[in-house]
There are 2 protein chains.
Amino acid sequence: MDTVSNHENMQQCRDRDAMAAKLAALSHPARLKILQHLAEVEACCCKDVVDRLHLAQSTVSQHLKVLVESGLVRFTPDNRRSRYEVDGDEVRALAESVNGLLTSCCGLPAGEDAD
Amino acid sequence: MDTVSNHENMQQCRDRDAMAAKLAALSHPARLKILQHLAEVEACCCKDVVDRLHLAQSTVSQHLKVLVESGLVRFTPDNRRSRYEVDGDEVRALAESVNGLLTSCCGLPAGEDAD
DNA sequence: ATCGTATATCGCCGATATACGATGGATACC
DNA sequence: GGTATCCATCGTATATCGGCGATATACGAT
């Protein structure tokens, strides 16, 4: 079983890793708040976020970095201010993935397919 | 701003904390895998999971505990074997919450309005 | 050139997460 | 009784996280 069906397993594994990584980026209240704020204001710089959260600038910068590295937030190094904005496509894709996984975990009255 | 709208802020804050906590429970590949397995087999004991993941029994037990504490998995101390099963209501509720939040964050595909 | 602002990064720490083996309790089976 | 199995928990080691202050960098304004 370790020998044959490795392709699918590997792929599933990667998917899980990828999803887990993105969920990890969302698993902190501050980052959820930042994401919501970014969505509300379209795009903003680091200081805007600092002014809204009760966190040091360095901490906010870290959280923003985590969000950017997760791919859910896009970063444009504007001249002086930075520009952070939600990556709608990424977020939408994640929403679908999460929805799919969770739905397959809770619904599925009877005969189901699973991935 | 600190004086008036505290109720909503507190509530939002709690919601965020709660969601972040549940997402944290899902932010590990092993736990995602466990959740999927639990969904597939309806319910199972710890050893079943151990046999399927390449992890020590104690580690699996820990992951199961995290899932149970998050509320997404229910635990019934059967006589000898433990019984773990997905809590469909909880998972469904989380799916809705996540979907709501992410959808409100990703620009809403075809220009509909948020909540 | 100097100052002020905005930002990222570094160094540090306490806290938490992850993994394992070992232990002991409970239950089943002989 | 004795033995095997299942499981949770403890102890331990390591890695990562989350937060902050301090510092470096970049740039506009004076």
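Chain A is the first sequence line, chain B the second, and so forth, proteins listed ahead of strands; every chain is numbered from 1. Please read all numbers here as calculations on a predicted model, not as lab measurements.
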Gap separating the CZ atom of B/Arg16 from the CG atom of A/Leu35, nearest 0.5 angstrom: 10.5 Å
Contact residues, residues 23-33 of chain A to DNA chain C [heavy atom, < 4.0 Å]: none
Residue list, salt bridge (charged side-chain N to carboxylate O under 4.0 Å, His left out) with A/Arg83, at least two apart or on another chain: A/Glu85
Length of the line joining A/Leu67:CG and D/dG18:C1', which is rounded to integer Å: 14 Å
Listed partners of B/Val50 passing side-chain contact (heavy atoms from CB on, under 4.5 Å), at least two apart: B/Cys46, B/Gln57, B/Val60
Side-chain donor-acceptor pairs of residues 93-100 of chain A under 3.5 Å, sequence neighbours excluded:
| unit_1 | atom_1 | unit_2 | atom_2 | d |
| --- | --- | --- | --- | --- |
| A/Ser97 | OG | A/Ala93 | O | 3.1 |

Minimum side-chain heavy-atom gap B/Leu26-A/Leu102 below 4.5 Å: yes
Contacts of type side chain to side chain donor-acceptor pair (under 3.5 Å), residue B/Arg92, not counting sequence neighbours: B/Asp89
Qualifying ring pair (Phe, Tyr, Trp, His ring centres under 6.0 Å) pairs, either residue in residues 13-53 of chain B, two or more places apart: B/His28-B/His63
Any donor-acceptor pair under 3.5 Å from A/Arg31 side chain to A/Ala24 backbone: yes
Within-4.5 Å side-chain heavy-atom neighbours: A/Ile34 and A/Leu67: yes
Per-nucleotide pairing state of DNA chain D [Watson-Crick or G-U, under 3.5 Å; [ ] pseudoknot-crossing; | other strand]: ||||||||||||||||||||||||||||||
Value in whole Å for how far the C1' atom of D/dG19 lies from NE2 of A/His63: 8 Å
Pairs meeting criterion ring pair (Phe, Tyr, Trp, His ring centres under 6.0 Å) with involvement of residues 73-99 of chain A, two or more places apart: A/Phe75-A/Tyr84
B/Asp51: partners by side chain to side chain donor-acceptor pair (under 3.5 Å), with sequence neighbours left out: B/Lys47
Residue list, side-chain contact (heavy atoms from CB on, under 4.5 Å) with B/Ser70, at least two apart or on another chain: B/Ala25, B/Leu72
Shared hydrophobic cluster for A/Val66 and A/Val86 (ILVMFWY, side-chain gaps under 4.5 Å): no
Contact interval (first through last nucleotide) of DNA chain C with protein chain A, 4.0 Å heavy-atom: C/dT5 to C/dT9
Atom pairs, protein N/O to nucleotides 6-8 of chain D N/O, distance under 3.5 Å:
| unit_1 | atom_1 | unit_2 | atom_2 | d |
| --- | --- | --- | --- | --- |
| D/dC7 | OP1 | B/Cys46 | N | 3.2 |
| D/dC7 | OP1 | B/Ser82 | N | 3.2 |
| D/dC7 | OP2 | B/Lys47 | N | 2.5 |
| D/dC7 | O3' | B/Ser82 | OG | 3.0 |
| D/dA8 | OP1 | B/Ser82 | OG | 3.0 |
| D/dA8 | OP1 | B/Tyr84 | OH | 2.4 |
| D/dA8 | OP2 | B/Ser61 | OG | 2.9 |
| D/dA8 | N7 | B/Gln57 | NE2 | 2.9 |
| D/dA8 | N6 | B/Gln57 | OE1 | 3.1 |

